[in-house]
Amino acid sequence: MAETATIDVAIIGAGIIGLSTAFKLQEAGRTAVLIDRRGIAEETSRGNAGAFAFSDVIPMATSGVLGKLPKWLSDPLGPLTIRPEYLPQITPWLLRFWRAGWPDRVAASLKAQSAMMRIARSEAEALIATAGLEPLIRRDGVLELYESEAELRNTARDDAAKAAEGIEFRHVRGAELAELQPSLSPKITAATFIPKWQTVQDPYDYAVAIGRAAMDRGASFRQAEIVQLRPQDDSVILELGDGSALRARQVVVAAGAWSHRLTRPIGDDIPLETERGYNTTLPGYSFDLRRQLVFGGHGFVVTPLASGIRIGGAVELGGLSLPPNFKRADAMLQKAARYMPGLVTTGGTQWMGFRPSLPDSLPAIGFSRRSRNIVYAFGHGHLGLTQSAGTGKLVANLLTGAAQPIDITPFSPQRF
């Protein structure tokens, strides 16, 4: 196979993780080539909810979530569902998920996630300032909404985690809630307001802007599909779908939900699963939306974007191959209309994306088992945008040998 000149660092995947990593590598004096089969931010990074969820440090697998699973799984349109035909394939992952919900594992994941969020926040602020992306950021807070005082009291653990991290929040009701978000249904009786919560004007625009900033600093992009990695003594051969090959001194696998297709053949059988997320983006006139709303009890969020109002979320465990079930997007839209009277539900655009998820809610960040010339950076679940700049910094430090700002042992790809 014909090869071109050796690449310094090849980043497989031009989503928000790969783009942020390219930016941080260019800052560190390395030259990154982004490689993606579709284009920049054309997969999950295009259509997500657009939040910097730095306060979301509680892992998905907790005793509370595990207790709700039977009810949720019985509802094919509920907050979490599994396609029946996919159940045999995902059963090993579910067993790991169940184990991750034991108190000792939850405590360890919480500690690691909190450390990750601290570096994610500081690196995101640095990236936004350096790349001149402040106009793409909204800093108007978020409302986490509840239908009863009992539901609010059930958030005590989340409140404690927020307080421990110094995250400002307060519980609101009545007139204050109505002022923060008018025209909600009276079914919503209380909320948690996090004033420093941030969202982006549009996740696709934000990702593309990071890519542009990285390329202004010397990175480049190549559209191609990588089908196999072959580690060498001092480099890595990347075999392309068209039969050609590239050689790189170092490689970052940041291909999101598809990453395990490259890692498994070189000895890292990582339990990566796919949380399929659905949404509908309505025209901006559809509701007087002041800030992002989180309907945690129903598993969806409503986000104001430059492109409109996005209603989506929930989790469908169904892998990469099954066709979309847009009834899930319809169900969330109908629920939103019940809690947001007057919401115009017509004229929307539906979308489905693949969130790469690991059982303990922590990403895989670290060296390949086979070669220290290959670094993994995937498995962020709902938190790819949130942790993108922090992940980029950690990966850049791995590739340059710089000291890490946090202990990255909990994110080891070989921890399973």
Side-chain angles (χ1 to χ4, degrees), residues 13 15 17 43-44 47-49 56 58-102 105-106 108-109 113 253-279 298-300 312-329 331-332 351-365 376-384 410-416:
I17 299 297
E43 296 284 1
T44 310
N48 59 71
D56 282 3
I58 304 295
M60 189 166 70
T62 64
S63 57
V65 170
L66 293 174
K68 294 175 182 177
L69 275 180
K71 178 182 177 181
W72 283 353
L73 294 177
S74 67
D75 180 0
L77 300 178
L80 190 155
T81 191
I82 301 173
R83 294 281 190 94
E85 60 268 47
Y86 194 65
L87 187 57
Q89 184 172 336
I90 200 175
T91 295
W93 188 94
L94 289 174
L95 291 173
R96 292 180 183 276
F97 181 76
W98 170 73
R99 178 63 180 94
W102 291 16
R105 296 287 181 90
V106 170
S109 294
Q113 198 73 288
V253 179
W258 292 267
S259 297
H260 61 300
R261 294 180 175 178
L262 294 173
T263 68
R264 187 174 295 130
I266 56 173
D268 284 305
D269 191 6
I270 298 169
L272 185 67
E273 259 305 331
T274 305
E275 298 177 33
R276 298 149 64 98
Y278 294 83
N279 65 47
H298 300 281
F300 72 93
V315 173
E316 178 189 64
L317 297 170
L320 294 167
S321 301
L322 295 178
N325 176 16
F326 283 110
K327 290 181 180 179
R328 293 184 62 75
M332 285 183 282
W351 180 86
M352 189 269 284
F354 301 101
R355 309 183 194 104
S357 182
L358 292 167
D360 58 3
S361 298
L362 301 178
I365 303 173
Y376 300 151
F378 55 82
H380 295 77
H382 294 76
L383 300 170
F411 311 107
S412 168
Q414 289 81 40
R415 67 185 183 270
F416 298 103

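Numbering starts at 1 and runs along the sequence shown.
- Arg328 places a side-chain N or O within 3.5 Å of a backbone atom of Val315 that can act as its donor or acceptor partner.
- The nearest pair of heavy atoms linking Leu87 to Thr91 is O-OG1, 2.7 Å.
- We find the CZ-OG1 distance between Arg276 and Thr81 to be 11.0 Å, quoted to the nearest 0.5 Å.
- The aromatic rings of Tyr376 and Phe378 sit tilted relative to each other, their planes meeting at an angle between 30° and 60°.
- For the residue pair Pro323 and Arg83, the shortest heavy atom distance occurs at O-NH2, 2.6 Å.
- For the atom pair CG (Asn48) and CD (Glu43), the distance works out to 12.5 Å, reported to the nearest 0.5 Å.
- Considering only heavy atoms from C-beta on, Pro359 comes within 4.5 Å of Pro271 through its side chain.
- Residue Thr44 comes nearest to Trp351 through the heavy atom pair O-CH2, 3.7 Å, listed as atom of the first residue, atom of the second, then distance.
- Heavy-atom minimum distance, Arg415 versus Leu362: NH2-O, 2.7 Å.
- Smallest separation of non-hydrogen atoms from Gly256 and Ser259: O-OG, 2.9 Å.
- Side chains of Asp56 and His382 form no contact here, defined as non-hydrogen atoms less than 4.5 Å apart.
- Once rounded to the nearest 0.5 Å, the distance linking CD of Glu316 with CG of Asn325 reads 5.5 Å.
- Of the inter-residue distances, the one linking Asp360 atom CG with Arg96 atom CZ reads 10.0 Å to the nearest 0.5 angstrom.
- Residues Leu317 and Thr274 form no side-chain contact, since every pair of their non-hydrogen atoms from C-beta on lies 4.5 Å or further apart.
- Nearest heavy-atom pair across Pro88 and Pro84 is CD-O, 3.9 Å.
- At least one side-chain heavy atom of Ile82 sits less than 4.5 Å from a side-chain heavy atom of Leu94.
- Atom CD1 of Ile90 and atom CZ of Phe97 lie 9.5 Å apart (nearest 0.5 Å).
- Taking CG of Leu358 as the start and NE2 of His380 as the end, the distance is 9.5 Å to the nearest 0.5 Å.
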